[in-house]
S.K.: 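A single structure is presented below for examination.
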Amino acid sequence: MIEIIKKLIDRQIFKTGTLVDAPVTKYHLGSPVILTKTLRIKEVNVDHCIADEEYEIEANVPYRKIYFQDITMIDGMEPQELAAVYGLAPRTERFKVKKDDK
């Protein structure tokens with residue numbers, strides 16, 4: 001996973017402004033709850049990125065440190081599939097076309 005994201009960074013596909021989905025810990029009535037949230041990247045580093053919540057209404061939402069291995073989606077696609085679109089990884093089952101023999 002980390003290698004795929006580093007390839008996307010090198011091709012400038014994964015950059016500032018990209019939307020990612022990752023687990024985030026929120027607190028509800030004092031108890032921690034882990035939710036998957038959409039985050040907008042503000043800064044990209046070697047093994048993590050700094051992001052803020054895209055659709056959060058509160059004014060003082062903190063920036064979050066998101067490690068690359070925790071990212072589940074990049075711009076609405078799984079990282080492996082996004083890399084396959086750009087030829088950076090092998091194609092997944094989704095891209096294989098089934099031929100019907102008659």
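Count residues from 1 along the sequence.
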S.K.: Less than 4.5 Å apart, any side-chain heavy atom of P90 and any of Q80?
M.R.: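 In contact.
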S.K.: Please test I2 against D47 for side-chain contact (heavy atoms from CB on, under 4.5 Å), starting from the C-alpha separation and ending with a verdict.
M.R.: CA-CA 8 Å; I2 295 172; D47 64 343; 5.9 Å; no
S.K.: Among I4, I41, L82, which one satisfies side-chain contact (heavy atoms from CB on, under 4.5 Å) with F14?
M.R.: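 Of the listed residues I4, I41, L82, the side-chain contact (heavy atoms from CB on, under 4.5 Å) partner of F14 is I41.
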S.K.: Could you list the cluster mates of V33? Members are the ILVMFWY residues connected by side-chain heavy atoms closer than 4.5 Å, either directly or through other members.
M.R.: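 Result for V33 is L35.
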S.K.: Would Y86 end up clustered with I9 when hydrophobic side chains under 4.5 Å apart are linked, directly or stepwise?
M.R.: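 In one cluster with Y86: I9, yes.
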S.K.: Looking at every non-hydrogen atom in both residues, tell me the closest pair between T18 and K15 and how far apart they are.
M.R.: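 Closest approach of T18 to K15, heavy atoms only: OG1-O, 2.8 Å.
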S.K.: Give me the atom names and distance for the closest heavy-atom approach of P32 to T25.
M.R.: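 So the minimum-distance heavy-atom pair works out to CB-CG2, 3.9 Å.
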S.K.: Compare all side-chain heavy atoms of L39 with those of V24 and state whether any distance is below 4.5 angstrom.
M.R.: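 Touching, per the 4.5 Å side-chain cut-off.
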S.K.: How far apart are the closest heavy atoms of K42 and T16, and which atoms are they?
M.R.: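 Closest approach of K42 to T16: O-CG2, 3.6 Å.
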S.K.: State, with a plain yes or no, whether a side-chain heavy atom of M77 is found less than 4.5 Å away from one of V85.
M.R.: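 A side-chain contact exists here, since the closest heavy-atom pair is under 4.5 Å.
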S.K.: Could you go through residues 64-76 and list every donor-acceptor pair under 3.5 Å that involves a side-chain atom there, pairing it with any protein atom two or more places apart or in another chain?
M.R.:
unit_1: R64; atom_1: NE; unit_2: E53; atom_2: OE2; d: 3.2
unit_1: R64; atom_1: NH2; unit_2: E53; atom_2: OE2; d: 3.2
unit_1: K65; atom_1: NZ; unit_2: Y67; atom_2: OH; d: 3.3
unit_1: T72; atom_1: OG1; unit_2: D21; atom_2: O; d: 3.0
unit_1: D75; atom_1: OD1; unit_2: L19; atom_2: N; d: 3.1

